[in-house]
Amino acid sequence: MSEILEKLNEAQRQAVVATEGPVMVIAGAGSGKTRVLTYRVAYLLELGVDPFHILALTFTNKASREMTARIIALVGNSEAKNVWMGTFHSVFARVLRIEGHRLGYPSNYTIYDSDDSKRVIRNLIKENTLDEKLYQPGYVAQRISAAKTSLISADEYESNPEIQEYDNAAGKPLTGKLYMQYRSRLMRSSAMDFDDLLFNMNILLRDFPDVLIKYQQKFKYILVDEYQDTNYAQYLIVKKLAANNENICVVGDDAQSIYGFRGANIQNILNFKSDYPDYKVFKLEQNYRSTKTIVEAANNVILNNKNQIFKEVWTDNDEGSKITLLHASTDNEEGNLVAQAIFEHKMNQQLPNSSFAILYRTNSQSRIMEEALRKLNIPCRIYGGVSFYQRKEIKDMLAYYRLAVNPRDEDALLRVINFPARGIGKTTVEKLIVLADEFKKSLFDLIESPPSTVRFPESTWAKVTGFITMIKSFGALLKTKNAFEMAKHIAASSGLIKELHEDKTPEGVSRFENLEELFNAVKEFTETPRTNPETGEIEENVVRTLDEFLQDVALLTDADFGDKDDTDRVMLMTVHSAKGLEFPYVFVVGLEENLFPSIQSLNSRTDLEEERRLFYVALTRAQVKLSIAYAENRYRWGNLTVCEPSRFISEIPEKLIDFPKRSQPKKESFMSSDNFSNMLEGLNLPPRKFAAQTPQKSSLQQNPKLPPPKPFLPPVDPAISSLPPSEIEDIHTGMDVQHERFGKGKVVAIEGIGPNKKATVFFSGIGQKQLLLKFARLRIAE
DNA sequence: ACCGTATTCAGCGCG
DNA sequence: TGAATACGGT
């Protein structure tokens, strides 16, 4: 019927055309999951289904954008744009803007991110004069979040004896009280946190039958991506929305469920058949991503898990090369081995940096990898870390925006009432908070219309009301100016720009630049046409205002922002953030017991299985070549700890692994490492710098002409370079040189010194190449 | 109000 | 180890 279907394999096609009734698609890694989802939407549209009746839910903005783009490519812009496609949070935030009044929220309610929530909780803990060491904001936040995710309200939490007992046993009997206070504080601020978006959506569907019916009729076809990652609140929303039509299609891979720790429930996918007895299941088992070696390794690893849906992932791709195991004596050496391996692959095969990814279990491992790459002048980009929107200067600026839109937002008010400093001190703020509690008013309402008993010193009161007046003036301009004009106005009137501009320290300059970035984002938003929240339709020529910007921004993360840096870099990220991505060359590092698997996972089978799925995710990111690495010694929390190789390594069949050759006595392996480990071993060996100057040859070498891999050779191995260090010094601009692969060339330029000495060489017929001399094996031509 | 020092934390983190 | 925040002194 349709040309759409021609580009699918049999299993994919079946999953796409089964449009009616409950469908579960079990999609192995690299099996074309997104393809099925996008083609299914396109197919529905082709069948004549109204795009407004299709709801497609994803977990990340990125996934949602990607799907939108692909559907547009298939069916064109006008149809695709009208599909309700987005993350759980963004879609239900939209619904709550429309329906939230039933629960007492205005349509301009503010969304608190997890930092905002924690700030509120921290303040509450202080106000209650509780011991901050016992009641850690993070802990309390997590308890509240877990409760909301399980749809337990503050009242239910407080009155539930089992929960009370649990908190008593934990020595934190007042957690429930904090939950109650937190709830009223947010309510008073007209704010919802991320969990509230899902919680309140559930309440709407539970308590307001007309709302339930309205959205059941609206969303006739529902698709859910990454179903294995849904938590209870998300699961229940989907179930309720789908209850009438049961045209629900969930796609996922139980083997890639790695978010149990934040409430994702793998049982949701395992229980699909009991929820929808007449369901159809389709398994996508052909992997299009990786070599046979990689697929086989991953299959064998995941086989060790008990709790899973049976499937057999296979591939038609080549056998590929074996998995390289890099064995280092220390974490620093691990970094060096990986960096060298990347360097050699790059040089031998002229690959871009972006074909490499280094994946680790914890963010703290990124620094060593970054340093090792820097030593070899390999540019890299670290994902994660402090997100753009979490930076203080951005949060401060956004707090002014938030106040303009919703002056009752107390978190925002407390953040900037005295920043830049305007003489409103701690004492004043504390008094105001006490009064706000007493009169059950938001801080803003209290200051705007104070009860007659409230008395403040004249000058103090002038400052406070001055601030409030400024906020009100922002609010008054909101609907007349566009977002960008408004942003500029607020930045100037609040004094924030001046404050930062005067700070000439490097940090200050960087903060200022971040604000410029924010303005760019606002400008871009201002120039993007509006989507009607009720219908999803695109409305041209409508002024975009700052309150709309804020609604968008609350649900964005840095992953949605700094993507402008598309320069060619090696990617460094945690395994978690690598999910859904693929790279030709992947290095999974830190494969040690207590690190990967993490020490916290060793107590329960469930946690260990999740950890194994995480390893499975790591392995299946690789397309061409996989390398895994571990170190014998590693700094953790400031001390050197001795590590054992991860059990996961032994779960990969030996025949798939290229083991490090141990032709040298073991102590030789310390020769290249950093000085600390040398001291440990009581060896008097060259200092740290030396490792960088004379890198070892890693076992990743692919050139068949070279001798077999010898990862632990002493530093000056003739196989590394035909050029001893002194000879490197002899290479100068203008010289004719000979390269093993590129032939004769002329040195155009020299830069860097010592180990990082680089030559730009022009090879006739090939062009200009940058070569790091210690690797390039250049000979001076006659 | 502000700065420098002390202390604390370190598992992964979508929205 | 290192960064981010809290505190205490001026």
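Each chain gets a letter, A, B and so on, in the order its sequence line appears, and its residues count up from 1. These numbers come from a predicted model, not from an experiment.
Between the NZ atom of A:Lys126 and the C1' atom of C:dA6 there is a distance of 8 Å, given to the nearest Å. To the nearest angstrom, P of B:dG15 lies 16 Å from CG of A:Asp116.
Distances from the side chain of A:Asn418 to the nucleotides B:dA1, B:dG13, B:dG11 place B:dA1 closest. Side-chain proximity of A:Asp195 to B:dG11, C:dA6, B:dG15: nearest is B:dG15. Side-chain proximity of A:Arg367 to B:dC12, B:dC2, C:dT1: nearest is C:dT1. Distances were taken from every side-chain heavy atom of A:Glu611 (C-beta onward) to each of B:dG11, B:dG13, B:dG15; the shortest belongs to B:dG11. Checking B:dC9, C:dA6, B:dG15 against the side-chain heavy atoms of A:Thr60 singles out B:dG15 as nearest. For A:Arg262, whose side chain is taken as the heavy atoms from C-beta onward, the closest listed nucleotide among B:dC14, C:dA6, B:dG15 is B:dC14.
Pairs engaging residues 227-236 of chain A under the salt bridge (charged side-chain N to carboxylate O under 4.0 Å, His left out) rule: A:Asp229-A:Lys579 [sequence neighbours left out].
Counting any heavy atom pair closer than 4.0 Å across all strands shown, A:Arg636 reaches no nucleic acid atom. Within the 4.0 angstrom heavy-atom criterion, base atoms lie near A:Ser598. Among the atoms of the strands shown, base atoms are found under 4.0 Å from some heavy atom of A:Ser114. Looking at heavy-atom distances under 4.0 Å, A:Arg122 makes contact with sugar-phosphate atoms alone, never a base.
Less than 6.0 angstrom separates the ring centroid of A:Phe261 from the ring centroid of A:His576.
Separation of the C1' atoms belonging to B:dC12 and C:dT5 is 23 Å when rounded to the nearest angstrom. Look at the C1' atom in both C:dA3 and B:dC14: the space between them is 24 Å, to the nearest Å.
Between B:dC9 and A:Gln136, a contact under 4.0 Å exists linking OP1 or OP2 to a side-chain N or O. Taking 4.0 angstrom as the limit, A:Asn594 places none of its side-chain polar atoms (N or O) nearer than this to OP1 or OP2 of B:dG11. Side-chain N/O atoms of A:Asn363 include one lying less than 4.0 angstrom from OP1 or OP2 on B:dC12.
Taking the six-membered ring where tryptophan is involved, the planes of A:Trp461 and A:Phe456 are essentially parallel, since the angle between them stays under 30° and well short of 60°.
Remark: A:Glu127 CD is packed, more than 12 non-hydrogen atoms of other residues, nucleotides or ligands lying under 6.0 Å away.
Side-chain contact between A:Leu602 and A:Pro597 is present, with heavy atoms from C-beta onward closer than 4.5 Å. In this structure, the side chains of A:Lys395 and A:Asp116 come closer than 4.5 Å at one or more pairs of heavy atoms.
Both geometric conditions, a ring-centre gap below 5.5 Å and a plane tilt below 30°, are fulfilled for A:Phe261 over the base of B:dC12.
A:Tyr135 does not carry A:Lys172 over the face of its six-membered ring by the limits of under 6.0 Å from the centre and within 45° of the normal.
Stem analysis of DNA chain B (at least three stacked-register Watson-Crick or G-U pairs, each with both distances under 3.5 Å) gives B:1-10 with C:1-10.
Every salt bridge (Lys or Arg N to Asp or Glu O under 4.0 Å) that A:Lys392 has, sequence neighbours left out, goes to A:Asp396.
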